[in-house]
Amino acid sequence: MDASFDYIIVGAGSAGCVLANRLTEDGRSRVLVLEAGPRDTDPWIHIPLGYGKLFKKPSVNWSYYSEPEPHLNGRKIFTPRGKVLGGSSSINGLVYTRGQAEDFDDWETPGWSHGELLPYFRKSEDQSGAALRGDPLHGKGGPLSVSDQSEPHELCDAFIEAAVQAGHPRNPDFNGERQEGGGYQQLTTRNGRRCSTAVGYLRPAEKRLNLTVLTEALSSRVLFEGRKAVGVEYLVGGEKRTARAAREVLLSAGAINTPQLLQLSGVGPAALLGEHGIPVVLDQPHVGDHLQDHFQARIVLKCTRPITVNDDLQSLWRMARMGLRYAFFKKGPLSFSAGYAGGFWRTRPELKRPDVQTHFLTFSLDRMGEKLHPFSGFTASICQLRPTSRGYVRIRSADPREAPAIRYNYLDTEFDRRTMLDGMRLLRRILEQPAMKPYIASEHVPGPQVQSDGEWLGYFRDTGTTIYHPTCTAKMGAGADAVVDSQLRVKDLGGLRVVDASVMPAVVSGNTNAAVIAIAEKAADLIAGKRA
């Protein structure tokens, strides 16, 4: 072996950076982190609105595509995933929402209720926003900086007021006592710059002599002696290397790459492994199963006034002003997150909690990562919070450099189709309220001609897409379909855990990054044998 460590962490993403920090705090445990991507030196990573520049940038993004989706007219869905220090926390839209308390209680896994996870949410946070106010639900002094938007925007104010006019509550804190209502999103920034887990957790830990971080090191398989994980094989510039783990190998490569690596390592469906000539270490048919993600569809509006980001980017003077405002005051469009404002809504009054979410953006475009529209435009979307459709991740070959097959299976169930239909009609009712009318010249897409269930479903199938929250592909639990136990140990194997969004039994009702960080905080205590 090239080297020996106590722990090897595969993936320096949202979870891996947390583990690297916490497991090296004692100054004794020797930790190796293997990251397939580069260091986070791209300047657009650290500017909040820069996520648009990173959306399809292959140097920091896996830029996957799904298989042709059977319920989306055979379209392949573009799937950005972070390939850089910080992982997706370095390229995401910065929105910080934890999910609903009931999400974690519904996991029905010992140790993972909301009450048991709340201390880890608080431990992770350095809350600088108005939501703090002495609230026991929020934390201060943690590695992850959480802040309010840098300033209000009149379009956002109008949208929030329109939600109130439509009968929904105003909500100043989606991570507070209740999630329901309309309001501004919080975001993971510190002094106007992105606070990824690389910035918040890894950067301080890299000063410790017991941490080694290797970038551009693609993990190709976990090494086993019998059924005990003892190390990792990885590629650097095409050269094969190995490292040994005296205690544990920790997979934090995310809901796409973690099941891929397990399968490449001989842990997965035996028939699939045999198809690609991979010796079976453990026939585990559920590795890569249960893929769950939030599906979204958008309404794009033409604005009556030149107050959108579209307008800013049509003018050299306004672009210069954007840059100066950000450089000197950390305000303006460059400080915005992907979801400036938004809301969580119940599509039916008898529901006990919201089942759809809106992201409200002060710009518009045909597809994320492409050019903004040449007209004044803004966007509001709906995503279903708790879908029942399930997909999968499967290797295509024994080559770790080949992207896996991803199928989301969006809109597979009638329940999901009905929720999206109800959600889009709810969103349109909000946009039709008096507070929004002065700002709407017309509905650009889908357009007022889309009214019936069939027309809406046709629109979803033609244009709907991911909102970038893949989860559940190595789910935890006590059932036969679970891959890891409540300690995140891969069942029937030794020395191997999964710590990332893969382990969620069900996707949380909101953006997933906050929950992944809390999972990793708790996992660090479990690994270190602390009371958790």
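In what follows, every heavy atom counts, from backbone to side chain, and hydrogens, waters and symmetry copies are set aside.
Side-chain polar atoms of Asn513 and Ser14 form a donor-acceptor pair below 3.5 angstrom. Side-chain polar atoms of Thr197 and Ser89 form a donor-acceptor pair below 3.5 angstrom. Judged by distance alone, the side chains of Thr419 and Asp355 never bring a donor and an acceptor atom under 3.5 Å apart. Counted by atom type alone, Asn511 and His359 present one or more donor-acceptor pairs between their side chains at under 3.5 Å. For His71 and Asp412, the side-chain atoms include at least one donor-acceptor pair closer than 3.5 Å. Under 3.5 Å, the side chains of Asp525 and Tyr120 contain a donor-acceptor pair of N or O atoms. Between the side chains of Asn409 and Tyr392, not a single donor N or O lies within less than 3.5 Å of an accepting N or O. Side-chain contact of Asp173 with Gln186: a donor-acceptor pair under 3.5 Å is absent, judged by distance alone. In this structure, a donor-acceptor pair under 3.5 Å is present between the side chains of Trp345 and Thr358. Looking at Ser502 and Asp500, their side chains do bring a donor and an acceptor atom within 3.5 Å of each other. For the residue pair Asp126/Ser145, the side-chain donor-acceptor check at 3.5 Å is not satisfied. Inspection of the Tyr201 and Glu521 side chains reveals an N or O donor paired with an N or O acceptor under 3.5 Å. Using a 3.5 Å distance cut-off with no hydrogens or angles, the side chains of Tyr408 and Thr79 do pair a donor with an acceptor. Between the side chains of Ser220 and Glu233, a donor-acceptor pair is found at a separation under 3.5 Å.
Every residue two or more places apart in sequence or in another chain that forms a side-chain hydrogen bond (donor to acceptor under 3.5 Å, both in side chains) with Ser29 is listed here: Asp26, Arg247. Taking His290 as the reference, His286 meet the ring pair (Phe, Tyr, Trp, His ring centres under 6.0 Å) condition, with sequence neighbours excluded. Under the ring pair (Phe, Tyr, Trp, His ring centres under 6.0 Å) criterion, Tyr234 pairs with no residue at all, not counting sequence neighbours. Annotation: ring pair (Phe, Tyr, Trp, His ring centres under 6.0 Å) contacts of Phe344 (sequence neighbours excluded): Phe174. Residues forming a salt bridge (Lys or Arg N to Asp or Glu O under 4.0 Å) with Lys83 (at least two apart in sequence, or on another chain): none. Every residue two or more places apart in sequence or in another chain that forms a salt bridge (Lys or Arg N to Asp or Glu O under 4.0 Å) with Glu25 is listed here: Arg22. For Arg425, the salt bridge (Lys or Arg N to Asp or Glu O under 4.0 Å) partners at least two apart in sequence or on another chain are Asp453. For Thr189, the side-chain hydrogen bond (donor to acceptor under 3.5 Å, both in side chains) criterion is met by Ser147, not counting sequence neighbours. Taking Phe78 as the reference, Phe55, Tyr65 meet the ring pair (Phe, Tyr, Trp, His ring centres under 6.0 Å) condition, with sequence neighbours excluded.
In this structure the side chain of Arg497 reaches within 4.5 angstrom of the side chain of Leu526, judged on heavy atoms. The shortest distance between side-chain heavy atoms of Phe104 and Thr109 does not fall below 4.5 Å. Pro505 has its side chain within reach of Met476: a pair of non-hydrogen atoms, C-beta onward, lies under 4.5 Å apart. With contacts defined as side-chain heavy-atom distances shorter than 4.5 Å, the pair Val483/Val498 does not qualify. Taking 4.5 Å as the limit, some side-chain heavy atom of Asp40 sits within range of a side-chain heavy atom of Arg203. Residues Val503 and Trp107 form no side-chain contact, since every pair of their non-hydrogen atoms from C-beta on lies 4.5 Å or further apart. The closest side-chain heavy-atom distance from Gln296 to Thr465 is below 4.5 Å. With a 4.5 Å cut-off on side-chain heavy atoms, Leu411 and Phe295 count as touching.
Checked options Val232, Val249, Leu251; the residue passing with Leu261 is Leu251 (criterion: side chain to side chain contact (heavy atoms under 4.5 Å, CB included)).
In summary, Asp399 and Arg221 do not engage in a salt bridge, as defined by a charged side-chain N under 4.0 Å from a carboxylate O. A salt bridge between Glu180 and Arg178 is absent, with no side-chain N of the basic residue lying under 4.0 Å from a carboxylate O of the acidic one. Arg417 has no carboxylate O lying under 4.0 Å from a charged side-chain N of Asp422, or vice versa, which leaves the two without a salt bridge.
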Run the side chain to side chain contact (heavy atoms under 4.5 Å, CB included) check on Thr212 and Val31 step by step: do they pass?
CA-CA 6 Å; Thr212 301; Val31 176; over 6 Å; no
Verdict with reasoning, Met504 to Lys475, per side chain to side chain contact (heavy atoms under 4.5 Å, CB included)
CA-CA 5 Å; Met504 293 184 186; Lys475 63 181 287 192; over 6 Å; no
Checking side-chain hydrogen bond (donor to acceptor under 3.5 Å, both in side chains) for the pair Thr215/Glu35: CA distance, chi angles, key distance, verdict?
CA-CA 5 Å; Thr215 55; Glu35 169 53 47; over 6 Å; no
Derivation of the salt bridge (charged side-chain N to carboxylate O under 4.0 Å, His left out) call for Asp6 and Arg30
CA-CA 5 Å; Asp6 293 304; Arg30 297 160 302 142; 3.3 Å; yes
From CA spacing to verdict: side chain to side chain contact (heavy atoms under 4.5 Å, CB included), Leu488, Leu250
CA-CA 10 Å; Leu488 307 186; Leu250 309 170; over 6 Å; no
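Between Trp62 and Tyr64, the angle of the ring planes stays under 30°, which puts this pair in the parallel group of the 30/60° scheme.
Within the structure, side-chain hydrogen bond (donor to acceptor under 3.5 Å, both in side chains) contacts touching residues 260-273 (residues at least two apart or in different chains) are Asn257-Gln260. Listed by first then second residue, pairs satisfying salt bridge (charged side-chain N to carboxylate O under 4.0 Å, His left out) with a partner in residues 256-268 number zero, not counting sequence neighbours. Every pair passing salt bridge (charged side-chain N to carboxylate O under 4.0 Å, His left out) that includes a residue from residues 384-396 is listed here, sequence neighbours excluded: Glu67-Arg396, Asp289-Arg394.
By the 6.0 Å contact criterion, NZ on Lys76 is open, its count of non-hydrogen atoms from other residues, nucleotides or ligands being 12 or less. For Glu414, the CD atom sits in a packed shell: over 12 heavy atoms of surrounding residues, nucleotides or ligands are nearer than 6.0 Å.
Taking OG of Ser509 as the start and CZ of Arg98 as the end, the distance is 14.5 Å to the nearest 0.5 Å. Distance check, rounded to the nearest 0.5 Å: CD of Glu69 to CZ of Arg461 gives 12.0 Å.
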